[in-house]
Amino acid sequence: NNAAAQSLEFNINLQSPQVNAGEDVEIPFLGTADLEAQVTGGSGNFSYSWEPADKLVDPLVPDPTTVSLSETTTFTVHLNDDNTSCQATDDVIVSIVGGEMSISAMATPDTVCAGDPTTLMAVPSGGSGTYTYSWTSDPPGFTSDIQSPTAYPQLTTTYYITVNDGFSTIDGQVTVPVYEKPLSD
């Protein structure tokens, strides 16, 4: 009994998939981020699963959006090649820059006589710590882009401040009552 030896030759040109979850990103406190898995190799027929799932709008797509985040979170994408069952994973870190922003707006002195100076001050907190300022007024006419400008109101004026930290924008205001200058006799 002589059995013929047979050989079977396979030529597999399919490369195992590799997944890249993208570059780490920074977002503001309570911001959202768009994630994106990029795949090389594999069959092209993939299933995705991102973790932590509860911090994503849809964890089963290649490009999910996070919910509003209040803390730095590491997201992991799990890739499955549905034709070959090969798997790959990668991580991306979404860092929260700063905390919740707030602002205090004030004027010193807080009441003045018509035409006298008052120094406005915006005191932001939280956020990235790098701020830009934009002051306006009602009645209109006053503008400034510095943290602490001086104003010379003729009538009671409300000063509005908008502060941006590169990620978020917050608004504040301060009203300066203006009194008529006393007349001397």
Side-chain angles (χ1 to χ4, degrees), residues 3-106 121-136 143-148 160-173:
Q6 294 184 5
S7 69
L8 187 57
E9 196 172 304
F10 288 95
N11 186 3
I12 298 179
N13 290 323
L14 196 59
Q15 186 182 38
S16 292
Q18 299 295 314
V19 66
N20 181 337
E23 297 293 320
D24 294 344
V25 296
E26 293 180 341
I27 62 170
F29 180 80
L30 296 180
T32 64
D34 295 322
L35 307 180
E36 183 178 353
Q38 298 192 1
V39 181
T40 55
S43 71
N45 186 16
F46 306 117
S47 298
Y48 300 86
S49 174
W50 288 82
E51 293 179 341
D54 64 332
K55 295 191 182 218
L56 295 161
V57 175
D58 183 353
L60 303 178
V61 296
D63 55 351
T65 299
T66 68
V67 297
S68 294
L69 297 175
S70 60
E71 61 189 13
T72 296
T73 305
T74 299
F75 290 91
T76 303
V77 60
H78 300 277
L79 174 79
N80 185 61
D81 188 319
D82 294 336
N83 289 352
T84 66
S85 295
C86 292
Q87 298 178 347
T89 62
D90 195 31
D91 294 333
V92 63
I93 299 171
V94 178
S95 299
I96 304 304
V97 178
E100 185 173 10
M101 284 182 63
S102 65
I103 188 165
S104 176
M106 59 194 93
M121 174 68 95
V123 183
S125 63
S128 70
T130 302
Y131 307 111
T132 59
Y133 303 90
S134 177
W135 288 94
T136 58
T143 61
S144 179
D145 62 359
I146 63 174
Q147 181 179 12
S148 185
Y160 299 96
I161 179 66
T162 299
V163 177
N164 183 290
D165 73 342
F167 297 96
S168 300
T169 301
I170 58 171
D171 298 306
Q173 69 183 49

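Quick caveat: nothing in here was measured; it's all calculated off a predicted structure. Count residues from 1 along the sequence.
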To the nearest 0.5 Å, tell me how far [X] [atom1] sits from [Y] [atom2].
X	Y	atom1	atom2	answer
L30	F167	CG	CZ	14.0 Å
S16	L79	OG	CG	11.0 Å
W135	I161	CH2	CD1	4.5 Å
M101	T169	CE	OG1	7.0 Å
T132	N164	OG1	CG	4.5 Å

Over all atoms of both residues, closest heavy-atom pair of [X] and [Y]:
X	Y	value
G31	T66	O-OG1, 4.4 Å
V97	S128	CG1-CB, 3.5 Å
I170	I103	CD1-CB, 3.5 Å
Y160	Q173	CE2-OE1, 3.2 Å
T89	H78	CG2-ND1, 3.1 Å

query = Which pairs, with at least one residue in residues 43-67 and sequence neighbours excluded, count as a salt bridge (charged side-chain N to carboxylate O under 4.0 Å, His left out)?
reply = K55-E71

inquiry  = With no hydrogens and no angle check, just 3.5 Å: does a side-chain donor-acceptor pair link D91 and T74?
reply    = no

request  = Check the pair Y48 / L60 against side chain to side chain contact (heavy atoms under 4.5 Å, CB included), numbers first and verdict last.
outcome  = CA-CA 5 Å; Y48 300 86; L60 303 178; 5.9 Å; no

Listed by chain and number, what are the side chain to side chain donor-acceptor pair (under 3.5 Å) partners of [X], not counting sequence neighbours?
X	result
T162	D171
T65	D34
T32	none
S47	D82

Hey, does [Y] have a side-chain heavy atom less than 4.5 Å from the side chain of [X]?
X	Y	result
V39	D81	no
W50	V92	yes
S102	S125	yes
D165	P124	no
F46	V19	no

Which donor-acceptor pairs under 3.5 Å do the side chains of residues 21-28 make with protein atoms, sequence neighbours left out?
| residue | atom | partner | partner atom | Å |
| --- | --- | --- | --- | --- |
| D24 | OD1 | I93 | N | 2.9 |

message = Pair L56, L35 - check side chain to side chain contact (heavy atoms under 4.5 Å, CB included), show working.
response = CA-CA 10 Å; L56 295 161; L35 307 180; 3.9 Å; yes

query = Under the side chain to side chain contact (heavy atoms under 4.5 Å, CB included) criterion, do Y133 and D145 qualify, and how do the steps go?
reply = CA-CA 5 Å; Y133 303 90; D145 62 359; 5.6 Å; no

